[in-house]
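Working notes, beginning with the structure itself.
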Amino acid sequence: MAWHPVKRFADATKPEDLFTGQWQNRPSVLDDDGSYLDDRWNEGATNARKLWEEIVCRSATRATTSAYAPTRTRSAPHHDL
């Protein structure tokens, strides 16, 4: 390993210090589920594959329910004759 990454890892005081580069501040497919993942992790869930499956199921459920949710339609204007 070159000395640049070794120095970067050695100088980091917290994991967030290592998050640099072109992917920062971009939207992620996990943005909507971040608090859910944090809660599950804090509850003791450590199986990343199982958490991913939970997220996929939650996303699919959200997509399905929003696709079949009633849409607001504008009612016809009322004219008094």
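Applying the side chain to side chain donor-acceptor pair (under 3.5 Å) rule to Glu16 yields no partners; only residues at least two apart in sequence or on another chain are considered. Applying the side chain to side chain donor-acceptor pair (under 3.5 Å) rule to Asp38 yields no partners; only residues at least two apart in sequence or on another chain are considered.
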Name every donor-acceptor pair, under 3.5 Å, that has one atom in a side chain of residues 6-14 and the other anywhere in the protein, sequence neighbours excluded.
unit_1: Lys7; atom_1: NZ; unit_2: Asp11; atom_2: OD2; d: 2.6
unit_1: Arg8; atom_1: NH1; unit_2: Leu18; atom_2: O; d: 3.2
unit_1: Thr13; atom_1: OG1; unit_2: Asp17; atom_2: OD2; d: 2.9
unit_1: Lys14; atom_1: NZ; unit_2: Asp17; atom_2: OD1; d: 3.1

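Interatomic distance, Asn47 CG to Trp52 CH2, rounded to the nearest 0.5 Å: 14.0 Å.
Counting all heavy atoms, side chain and backbone alike, Trp41 lies closest to Leu51 at CE3-CD1, 4.0 Å.
A salt bridge is defined here as a Lys NZ or Arg NE, NH1 or NH2 lying under 4.0 Å from an Asp or Glu carboxylate O, and Glu54 with Lys50 fails to meet this definition.
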